[in-house]
Amino acid sequence: MKKILIIFAHPAIARSMINSAMRDAVTDLEAVTFHDLYASYPDFLIDVTYEQQLCEAHDIIIFQHPFYWYSTPAIMKEWMDLVLEHGWAYGKHGHALEGKVFLQALTAGGDDAAYQRHGSNTFTINELTSPYRATANLCRMEWLPPFAILGIHRGLPEKTIRDHARLYRNTVIALRDDTLDISAIQQQPYLNIDLSTSGKIN
Ligand SMILES: Cc1cc2nc3c(=O)[nH]c(=O)nc-3n(C[C@H](O)[C@H](O)[C@H](O)COP(=O)(O)O)c2cc1C
């Protein structure tokens, strides 16, 4: 069983529709650590040694967050700036994350049509998340395409929220139990779209 660390950033979880449902869908899972950055560090004073130890103790690292300005909420950037140190995460002697799997689980207001080259956001989710892919590469991690839930601005019916949360839970279980074909999945634009349409997970 792989150990999964979900690093979570949402500055207003009390008002969250989708991330709170996703959180509730995974917190009871064995071998999964759910780590809420805003709850842990309301003053942004991140404990770098503790965070590095947490990463070292897990095989798979998931960044779960709403898409804010085509990126993550601020504390996740602060986490990256401080925790991913040269000589630990990257560089000649920085091998702490080598071989671990990296996944972004993001939710966005814009829908799939908006995240196309000719859509209103001009760029795809894959293009916009490329700095995270580059970071995973630099840290010698195995990158997976994002688990992306789009179109939240339209407002999602309760059942759709439940379905997304269930697929997220099942994806985390499949990663934990190592039942996914990672190299096949790496060819897909979104992890969840492939999984839900291919019948690999339901
Ligand atoms: C400060 C801020 C910035 C946002 N930036 C984006 C963005 O760049 N692209 C987008 O599609 N949605 C954007 N949104 C919408 C959020 O991604 C959306 O409300 C969120 O994913 C919903 O998740 P929740 O129900 O867990 O809060 C933004 C929202 C806020 C508050």
Side-chain angles (χ1 to χ4, degrees), residues 4-29 32-44 46 60-82 102-136 143-173 175 188-196 201:
I4 301 188
L5 174 62
I6 301 177
I7 302 178
F8 176 64
H10 194 307
I13 189 67
R15 290 203 300 272
S16 160
M17 272 194 324
I18 187 77
N19 279 279
S20 55
M22 292 164 74
R23 174 198 60 189
D24 294 347
V26 296
T27 42
D28 68 320
L29 290 176
V32 174
T33 306
F34 191 87
H35 182 40
D36 184 336
L37 291 181
Y38 280 100
S40 302
Y41 303 113
D43 51 9
F44 270 57
I46 291 173
I60 298 172
I61 297 175
I62 299 177
F63 279 9
Q64 184 194 324
H65 62 91
F67 216 28
Y68 275 12
W69 289 107
Y70 308 107
S71 182
T72 64
I75 202 167
M76 202 160 251
K77 179 64 165 55
E78 178 76 352
W79 186 97
M80 293 171 76
D81 291 351
L82 297 178
F102 173 79
L103 169 68
Q104 231 171 327
L106 65 88
T107 65
D111 61 14
D112 193 49
Y115 283 105
Q116 302 298 331
R117 198 145 298 175
H118 300 292
S120 56
N121 288 317
T122 317
F123 298 100
T124 65
I125 290 287
N126 266 267
E127 288 167 334
L128 292 164
T129 56
S130 56
Y132 298 88
R133 185 174 189 173
T135 301
W143 171 89
L144 292 182
F147 182 104
I149 301 177
L150 308 180
I152 315 284
H153 282 334
R154 287 195 311 261
L156 297 180
E158 277 292 318
K159 184 187 173 311
T160 309
I161 291 175
R162 274 200 308 277
D163 288 347
H164 283 306
R166 188 169 56 93
L167 183 61
Y168 184 51
R169 177 184 173 85
N170 289 344
T171 303
V172 171
I173 291 172
L175 288 168
Q188 307 299 324
Y190 307 134
L191 180 63
N192 44 324
I193 284 178
D194 174 51
L195 295 177
S196 54
I201 267 188

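Atoms within each ligand, like the ligands themselves, are counted from 1 in listed order.
Separation of the Y168 and F147 ring centroids falls under the 6.0 Å cut-off. In this structure, F34 has its ring center closer than 6.0 angstrom to the ring center of F8.
Not a single donor-acceptor pair under 3.5 Å links the side chain of N121 to the backbone N or O of F123.
Taking a heavy-atom cut-off of under 4.0 Å, ligand 1 is surrounded by H10, S16, M17, I18, N19, P66, F67, Y68, W69, Y70, T107, A108, G109, G110, Y115, I152, H153.
The side-chain contact (heavy atoms from CB on, under 4.5 Å) check on L29 picks up V26, V32, R169, V172, I173, R176, with sequence neighbours excluded.
Taking both residues in full, the closest heavy atoms of P131 and T135 are given as O-OG1, 2.7 Å, listed atom of the first, atom of the second, then distance.
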message: If you apply the rule ring pair (Phe, Tyr, Trp, His ring centres under 6.0 Å), what do you find for W79 with F63, and how did you get there?
response: CA-CA 11 Å; W79 186 97; F63 279 9; 5.5 Å; yes
